[in-house]
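Being a predicted model, the structure only gives us computed values, none of them experimental. Just so we're on the same page: letters track the sequence lines, and every chain starts at 1.
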Protein chains: 2
Amino acid sequence: MDLSERKLKILQAIVSDFITTSEPVGSRTLSKRPDIDLSPATIRNEMSDLEEMGYLTHPHTSAGRVPSDKAYRLYVDQLMKSDDIPAENKKEIVERLGSDAQELDETVEHAAKLLSEMTNLVSFAITPNRSESKINYINFLPVDESTVVLMIVCEDGKVTNSAIKMNAPYTEDNLTLMSKVMTHNFKGKAVSTLLTENIAQTFETDMKSLQSLSGSVVPSFMKTLEKMLNVDLYMDGYSNIFRLPEYNDVAKAKNFLETVTNKDEFTNVLVNRDKGLMITIGDENSEDLKDCALITADYKVNGKLVGRLGVIGPKRMKYGEVTSVIKYITDNLSKTFEIEAPKEDADNNE
Amino acid sequence: MDLSERKLKILQAIVSDFITTSEPVGSRTLSKRPDIDLSPATIRNEMSDLEEMGYLTHPHTSAGRVPSDKAYRLYVDQLMKSDDIPAENKKEIVERLGSDAQELDETVEHAAKLLSEMTNLVSFAITPNRSESKINYINFLPVDESTVVLMIVCEDGKVTNSAIKMNAPYTEDNLTLMSKVMTHNFKGKAVSTLLTENIAQTFETDMKSLQSLSGSVVPSFMKTLEKMLNVDLYMDGYSNIFRLPEYNDVAKAKNFLETVTNKDEFTNVLVNRDKGLMITIGDENSEDLKDCALITADYKVNGKLVGRLGVIGPKRMKYGEVTSVIKYITDNLSKTFEIEAPKEDADNNE
DNA sequence: TGTTAGCACTCGGTGCGCAAGAGTGCTAAC
DNA sequence: GTTAGCACTCTTGCGCACCGAGTGCTAACA
């Protein structure tokens, strides 16, 4: 049995109906739709077929039909139409993500917020991974007699710094020398490359006189490099889930919030997804998220670095609307970060 | 009518019973307690008095008594005993907040996490306010032909940096001069003082030749100063609220999460609280939080700067246990940040 | 042969009444 | 001042009947 035109039409009607109402869809309801001109009985026959084919299920005998994961997949791939974004939303996105002197972190956080507001879902965004960013220069700066700040500037303008507790006394000249030698040795290399390099070696060959500082500096340096690889995760709209009937059950809400607030694991999920506009539904996700749908898309920074942004919610999601908004936001982010090239900001050290 | 010894004892029993069970406490239950040797009838009379005095309420005629906000206040002030922390928890706190080369931000975030784990409540922590931190030096660093990184280092080791988009061409010498002049002019001044100062003036009097850069630099400089005043808020344990019967009602859970995830407002609440170990209960809080209790305590950085950490939960809270844990954690934080003085870290700029 | 009307059947949800249980307040006795 | 006893109140849980939505099947229709 294959999917006739009519079956597709019915399936589409069921999915989109269920998406808006979250109630199992019955044959009578369907037959009342203007775009479907069939009697309930005919529809029942078709639905029965669709169920046999794995597109629909039945919560219990006397309930209507509910789409299966397979149906959502089909819907997303073939049946849904991507919706237009209301002009005022477009305007708001453009305005609020505009290029006006914002920092990358801030803008990305903002984008996540905007996204959750416009979709009424839980949104998230991660900042780009810097593993392939190249070092521009390295600087050691004095703070007090036992503390030095290490600052690493990437070619893309990203500045990372951290404090180093010195176990041996140092002079400003020492710091200048270290800065020079390390910049000379490492400039132009990618962070990921540097991580595999033997930094201590540099002290032995090029800064023999500063061997005493190597013990304090090298571990901190490595740690800072690792820190540069961290992607930040922003989330927003947690409380939106309470609008959804599927989370009226407190236990479900709890599970959802637990998996989603587990920053490390969730970041992992996001980082490891495929590139581009990705929609994963139900069992296409990991066990924890098997009742959810995730939509993500990428934004670019400087046309190269890639960050990611999206939403998570029930499978019953307005895929058309949501994907449109996500795409619009990521496109705008890319535009913002393209013109204003180096726009992120360093934070705080102590 | 005043509070006899016996009334206090009964009140204490009611409060602590209600805190553990969350069920209204009846006279019979109370009379069974080994520490109360009175008949249910006697207890009923006392309870009736206590109700008249405003310490107890009645959900309905045939239910037991529930403590009022006034009762919680009395309990916290006079009746509760502060509990010991299990040795293993102490050990864990010491280990996980230990001085081992962590950044301030990270450690504070960690502390919040620890706190929520140990109390099963929603925890939060804010980083110190830097308004009185003094400038150590100011540095402008080249990134590319139109981008410069501004870096401000405080005496306490805090580094803040941000990218500046230059509207006019610059040379490295320009940057060096700016760095020197501004450091000379502003070193030792507090951030809050600097915010009121006319920076543009500095260009006119001391860097006439660099007037063309002033337009790009001054606004960014001011923005960066403002950024230095931001306190970061970390929260953890959102999903803990689902363990509490008071949030079995989805609407209540929603309200709670909404107020608590409103970062800006909630940060405000925290920043504006009184210093030291603070417990606010029910209507002592703002309208939004009138069903909650907040406990906060301060930690010190360098013995001066003050950050804050605490929990929020239902008024029915194990005050003794929770305050002990909070105090233990803040004490440990203060110790960590005292020894390791400058330990925060700068983040990223682009 | 495909479509439709009709009908028996299923099953979750709602409302109602009833009994049980917990707790109170009051009175009277100790 | 304390306590036992009792009538009263109110919530909670349970069983039960009923309703309605929806199905599947059969038989008739075009």
Quiz item: Going by distance alone, is a donor N or O of one side chain under 3.5 Å from an acceptor N or O of the other, for B:Ser27 and B:Arg44?
Solution: yes
Quiz item: Atom CD1 of B:Ile43 to atom P of C:dA22: distance rounded to whole Å?
Solution: 17 Å
Polar atoms only, N or O, under 3.5 Å: list the protein pairs with nucleotides 23-30 of chain C and their distances.
residue: C:dG23; atom: O4'; partner: B:Ser62; partner atom: O; Å: 3.3
residue: C:dG23; atom: O3'; partner: B:Ala63; partner atom: O; Å: 3.4
residue: C:dT24; atom: OP1; partner: B:Arg65; partner atom: NH1; Å: 3.3
residue: C:dT24; atom: OP2; partner: B:Ser27; partner atom: N; Å: 3.3
residue: C:dT24; atom: OP2; partner: B:Ser27; partner atom: OG; Å: 2.7
residue: C:dT24; atom: O4'; partner: B:Thr61; partner atom: O; Å: 3.4
residue: C:dG25; atom: OP1; partner: B:Arg65; partner atom: NH2; Å: 3.2
residue: C:dG25; atom: OP2; partner: B:Arg65; partner atom: NH2; Å: 3.4
residue: C:dG25; atom: N7; partner: B:Arg44; partner atom: NE; Å: 3.0
residue: C:dG25; atom: O6; partner: B:Arg44; partner atom: NH2; Å: 3.0

Self-check item: A:Ile36 CD1 to C:dT4 P, straight-line distance once rounded to whole Å
Solution: 12 Å
Self-check item: Whole-Å gap separating P (D:dG1) and CG (B:Asp37)
Solution: 19 Å
Quiz item: Can you list the stems that include DNA chain C, where a stem is three or more consecutive Watson-Crick or G-U pairs with distances under 3.5 Å?
Solution: C:1-30 with D:1-30
Quiz item: Would you call the rings of B:Phe266 and B:Phe124 parallel, tilted or perpendicular, where under 30° means parallel and over 60° means perpendicular?
Solution: perpendicular
Self-check item: Euclidean distance, atom CG of residue B:Leu38 to atom C1' of D:dA4 [Å, nearest integer]
Solution: 15 Å
Self-check item: Whether B:Tyr319 and B:Tyr72 hold their rings parallel, tilted or perpendicular, with breakpoints at 30° and 60°
Solution: tilted
Quiz item: Just how far is it from atom NZ of A:Lys315 to atom CD1 of A:Ile279, taken to the nearest 0.5 Å?
Solution: 15.0 Å
Quiz item: Do A:Arg65 and A:Thr57 meet the criterion of a side-chain donor-acceptor pair at a distance under 3.5 Å?
Solution: no
Quiz item: Does a side-chain N-to-carboxylate-O contact under 4.0 Å join B:Lys290 and B:Asp283?
Solution: no
Self-check item: A:Asn268 and A:Asn272 side chains, donor-acceptor separation under 3.5 Å
Solution: yes
Quiz item: Is a side-chain donor-acceptor pair under 3.5 Å present for A:Arg273 with A:Thr296?
Solution: yes
Quiz item: Would you say A:Thr42 reaches C:dT4's phosphate, i.e. side-chain N/O to OP1/OP2 under 4.0 Å?
Solution: yes
